[in-house]
Amino acid sequence: MAIPNVKRFRIAHPETGQLATIMAVLPKGADVDAFVADATKRFDWKTWSEQQAKQFKVRVGQQKQKKAK
């Protein structure tokens, strides 16, 4: 079941320019630009990049072997 009123925001790493998506429910009248700027500063980019590396890791040596006749 989805959470109502959830907004997705794309934030960019200040140095490398990598993009990440954060999801938040903001109260009415909240300053969205200030929230995104604060979230970008507080975001744990090191852990995020490590998780991305694990997710897309390619295993080497696990190819299917052909039968020799």
Which pairs would a plain distance check flag for residues 2-14, meaning a side-chain donor or acceptor within less than 3.5 Å of a matching protein atom at least two apart in sequence or in another chain?
| from | atom 1 | to | atom 2 | distance (Å) |
| --- | --- | --- | --- | --- |
| Arg10 | NH1 | Thr21 | OG1 | 2.7 |
| His13 | ND1 | Glu15 | N | 3.0 |
| His13 | ND1 | Thr16 | N | 3.1 |
| His13 | ND1 | Thr16 | OG1 | 3.4 |

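- Contact record, Trp48 with Gln18: CZ3-OE1, 3.6 Å, taken as the closest heavy-atom pair.
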Identify each donor-acceptor pair in which a side-chain atom of residues 22-43 lies under 3.5 Å from a protein atom, sequence neighbours left out, and give them as a table.
| from | atom 1 | to | atom 2 | distance (Å) |
| --- | --- | --- | --- | --- |
| Asp38 | OD2 | Arg42 | NE | 3.0 |
| Thr40 | OG1 | Val36 | O | 2.7 |

